[in-house]
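Chain identifiers are assigned alphabetically (A, B, ...) following the order of the sequence lines, protein sequences preceding nucleic acid strands; residue numbering begins at 1 within each chain.
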Number of protein chains: 2
Amino acid sequence: MARSMHVRRPATLASLAAELGVSRTTVSNAYNRPDQLSPELRRRVLDTARRLGYPGPDPVARSLRTRKAGAVGLLLTENLSYAFRDPAAIGFLEGLALACEDAGTGLLLVPANPEREDVASVHRAGVDGFVVYSVPDDDPHLAAVLERPVPTVVCDQPDLGTVDRVGIDDRGAMYELAQHLIGLGHRRIGVVCMRLARDRNDGFVTPDRQHAAHFHVQRNRLSGLAEAFSEAGVDWSQVPVVERFDHNTASGASGAAQVLDRDPQITALICTSDVLALGAMTEAARRGLRVPHDISVTGFDGIRAGEEAGLTTVRQPVLEKGRAAGKLLLDANERSRPRSVNLATELIIGKTSAGPRGGAEERWFGP
Amino acid sequence: MARSMHVRRPATLASLAAELGVSRTTVSNAYNRPDQLSPELRRRVLDTARRLGYPGPDPVARSLRTRKAGAVGLLLTENLSYAFRDPAAIGFLEGLALACEDAGTGLLLVPANPEREDVASVHRAGVDGFVVYSVPDDDPHLAAVLERPVPTVVCDQPDLGTVDRVGIDDRGAMYELAQHLIGLGHRRIGVVCMRLARDRNDGFVTPDRQHAAHFHVQRNRLSGLAEAFSEAGVDWSQVPVVERFDHNTASGASGAAQVLDRDPQITALICTSDVLALGAMTEAARRGLRVPHDISVTGFDGIRAGEEAGLTTVRQPVLEKGRAAGKLLLDANERSRPRSVNLATELIIGKTSAGPRGGAEERWFGP
DNA sequence: AATTGGTTCTGAACCGTTACGGTCCTTTCA
DNA sequence: TGAAAGGACCGTAACGGTTCAGAACCAATT
């Protein structure tokens, strides 16, 4: 129809009004409040709009006037590819997108390139609010978001006290998982965790680095482990903890290898994510170690692939987390005090954890 | 720092300028063109900005003035959940997001709720362009996008002639896959395809519905099959083709069941996606049919899980598709004639296709 | 005839910013 | 010493809408 009409000067509300001999208000009403003008006039407005190739009120101008952008921004993990390959992140994204769809709101993925510390993208985002998902707590993008005068919900982040928050009890959940392993008799363990800070550090982690970790989630999971095993009499400072920057099964495998090289006697390998755990299981198999007979392996998240593998893990409601974040943001009605939502997790005892080889639970009194 | 400063009246560029006794332009320059004013003044501007709690130039007002939104819109499949659970869609999203990140552009997910035909979300999206991914060609949202005076790239969509397009040769790729099966000796086949239109039709598909399918991709894949098998002397109108609205392995399984119930003698089950094919394999196993000995199963897409299962399929570069779409959109420099990009696909012959049971290739001359 | 009430449409005031085309003042250089 | 160049800053005019308090009109009521 009206395809190449916008050659000379793209029609505007004003030009349309002039053409019709009515006021701009009337044209605006024709689009936004049909009950405010007679049906005939409205039809006439819409018809000439089509004739002139007027595409309807400009969204940006409207946003400026109404002070509503009709979108929320999502500040994602720095490296997009890792986000889109992490099942947990995708689940979160889905939940958030669903909440947005319900509210008829757009969802703007804000680029947060870590290399050029380009905070401009945050400043340039025309949104009514932000959701921040699992970024390091010293990320400049996060700081930039907090400076924007819009409601914000942080996810998997420490409670900032000033903005809404949704997350889980990472520390408690991991503590519980650790108790499970301790109950089985494990005392000599190794850990593979995701990256703890913005810098790449593929290798062993000192207790200092654990405490200072900038990723809230990882810090708390490690801390839950440390607490439980310390209580069980294990000297945490002697437990090999290996960090991997990249989050994929290959990292899980190489991390597991590094731990096992250091101490081949460990009876349990605890990973802070299912993806890492799946990689660790590959590495165990490569070494001829049977899971769980020779070694137990655990994960965290409760992703589909882990479930299929019978992984012992902590299931967290990733989709619900996204949805909760969206809801929290979208009904930020009154300036109530910041809300903090903790979602429930569930310890899943699968087929990858058992008593240690030769341990009490599996001692074999055979001939 | 300046947290609850915006109680009275959120500071603006103008108020800041007034406070400082300089012009608005100067304040604007302090943020956007630091070289246009002396460092001292700039510092003074920025300092008082902080003091007054001025968060920097309003993105929406800036967008209005510069006529750049700094974001591109993505019109996704109607049902968000299915999109986020389809590995191919996620790959596309990743590629697109990467292209956007490279360009420092945001990516706005535009809600396209199919129930309420709410095209307003498209009108309300403040974007510099649109990418349309695999929607039915009669989708009102698509029509609304095409009315917007911004560059657009359609994906997995018929060539509209008026906007850029990126896709693959679905028809040719499926023709090639069909040739592979024909070469193995298959003549009695069944098909499970994704939904062909906006209405739900879980069941057999008439040839009419195949031709009239509103999903370009599915239409062409079926058409490639029909052509190849017709050439091989198969009466296509007798081939059982089953459609499934939902796109998941459960649908693949139930679709396969429906086909096999109709004709238990088929030697090959062709699915128009890997996800469906994986479900079909489950159903085959459930019936005690060995793949490929008793029945061949093929997919389309080349997703990871299919690869691990050794699925015979057509691999398409989903990530590259997204990236290509982004690039096309982001350097829509001159009003050149609309571009059309076809990406290469690759026929992957896996372990799920073989000659038909008792067929020439596998005739068993046993003892 | 004046009042009331209900539609329908208008005027003008914003929304917060940047583009554009200056002016003014200080250096620099022949 | 006068002209040219350049740096620093300013005023105005958009950018394209929405909104609210009326105005104009007409019919019905008092």
Side-chain angles (χ1 to χ4, degrees), chain A residues 6 9-46 48-49 52-70 120 123-128 148-150, chain B residues 6 8-46 49 52-70 120 123-128 148-150:
Chain A
H6 22 268
R9 185 158 295 284
T12 90
L13 200 78
S15 69
L16 189 54
E19 172 84 13
L20 282 157
V22 301
S23 78
R24 301 206 303 275
T25 304
T26 300
V27 178
S28 176
N29 285 336
Y31 285 95
N32 303 319
R33 313 161 115 178
D35 57 312
Q36 294 295 305
L37 70 172
S38 62
E40 317 91 88
L41 179 54
R42 181 169 133 91
R43 177 150 307 282
R44 203 156 65 85
V45 171
L46 264 36
T48 34
L52 264 55
Y54 175 65
D58 180 284
V60 176
R62 167 184 290 160
S63 287
L64 173 59
R65 181 62 233 223
T66 61
R67 317 217 45 74
K68 282 259 144 275
H123 289 142
R124 232 172 274 276
V127 295
D128 300 321
R148 292 270 311 253
V150 293
Chain B
H6 20 267
R8 188 55 60 199
R9 184 157 296 284
T12 91
L13 202 73
S15 67
L16 189 54
E19 172 84 12
L20 282 158
V22 301
S23 81
R24 298 202 296 265
T25 304
T26 300
V27 179
S28 175
N29 284 337
Y31 285 95
N32 304 317
R33 312 158 101 166
D35 58 312
Q36 295 293 306
L37 71 172
S38 62
E40 316 92 89
L41 179 54
R42 181 170 133 90
R43 177 150 306 281
R44 203 156 64 86
V45 171
L46 265 36
L52 265 56
Y54 175 65
D58 180 287
V60 175
R62 191 211 304 265
S63 285
L64 173 59
R65 182 60 220 193
T66 60
R67 315 211 50 68
K68 284 258 144 273
H123 289 142
R124 231 171 275 276
V127 295
D128 300 319
R148 291 272 310 256
V150 293

Atom-to-atom span, [atom1] of [X] to [atom2] of [N] - whole angstrom:
X	N	atom1	atom2	value
Leu64(A)	dA14(D)	CG	C1'	13 Å
Lys68(A)	dC15(C)	NZ	C1'	14 Å
Arg44(B)	dC9(D)	CZ	C1'	12 Å
Arg124(B)	dG17(D)	CZ	P	13 Å
Asn32(B)	dA19(C)	CG	P	7 Å
Leu13(B)	dG16(C)	CG	P	11 Å

Tell me whether the OP1 or OP2 atom of [N] has a side-chain N or O from [X] closer than 4.0 Å.
X	N	result
Arg67(B)	dC15(D)	no
Ser28(B)	dT18(C)	yes
Thr12(B)	dT17(C)	yes

*asked:* On the side chain of Arg65(B), is there an atom forming a donor-acceptor pair with the base of dT17(C) - under 3.5 Å, no angle test?
replied: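 Absent.
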*Closest non-hydrogen atom pair between Ala11(A) and Tyr54(A), with its separation*: O-CD1, 3.3 Å
_Tell me the closest heavy-atom pair linking Arg124(B) and Pro59(A), and the distance in Å._
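Answer, listing the atom of Arg124(B) first, then Pro59(A): O-CB, 3.5 Å.
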*Would you say Arg43(B) and Leu46(B) make side-chain contact, with heavy atoms under 4.5 Å?*
no
*Just wondering, do Arg44(A) and Leu41(A) contact through their side chains at under 4.5 Å, heavy atoms?*
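Yes - at least one pair of side-chain heavy atoms lies under 4.5 Å apart.
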*Could you give the distance from CZ (Arg65(B)) to CG (Leu64(A)), rounded to the nearest 0.5 Å?*
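Between atom CZ of Arg65(B) and atom CG of Leu64(A) there are 12.5 Å.
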*For Asp128(A), check side-chain contact (heavy atoms from CB on, under 4.5 Å) against everything at least two apart and list the hits.*
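Expected list: Lys68(A), Ala69(A).
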*side-chain contact (heavy atoms from CB on, under 4.5 Å) with Ser28(B): which residues, sequence neighbours excluded?*
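With sequence neighbours excluded, Ser28(B) shows a side-chain contact (heavy atoms from CB on, under 4.5 Å) to Leu13(B), Asn32(B), given in chain and number order.
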*For Thr26(B), check side-chain hydrogen bond (donor to acceptor under 3.5 Å, both in side chains) against everything at least two apart and list the hits.*
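side-chain hydrogen bond (donor to acceptor under 3.5 Å, both in side chains) check on Thr26(B) returns Ser23(B).
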*Apply side-chain hydrogen bond (donor to acceptor under 3.5 Å, both in side chains) to Glu19(B) and list each qualifying residue two or more places apart in sequence or on a separate chain.*
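For Glu19(B), the residues satisfying side-chain hydrogen bond (donor to acceptor under 3.5 Å, both in side chains) (neighbours in sequence not counted) are Arg51(B).
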So what does [X] touch, heavy atoms closer than 4.0 Å: a base, only the sugar-phosphate, or nothing?
X	value
Arg33(B)	sugar-phosphate
Tyr31(B)	nothing
Gly126(B)	nothing

*Going 5' to 3' along nucleotides 5-12 of chain C, which nucleotides have protein heavy atoms under 4.0 Å from the base (write B), which only from the sugar-phosphate (write S), and which from neither (write -)?*
---SSBBB
_Let me test you: for the helix from dA1(C)-dT30(D) to dA30(C)-dT1(D), what is the angle between the axes at its two ends (five pairs each), rounded to 10 degrees?_
50°
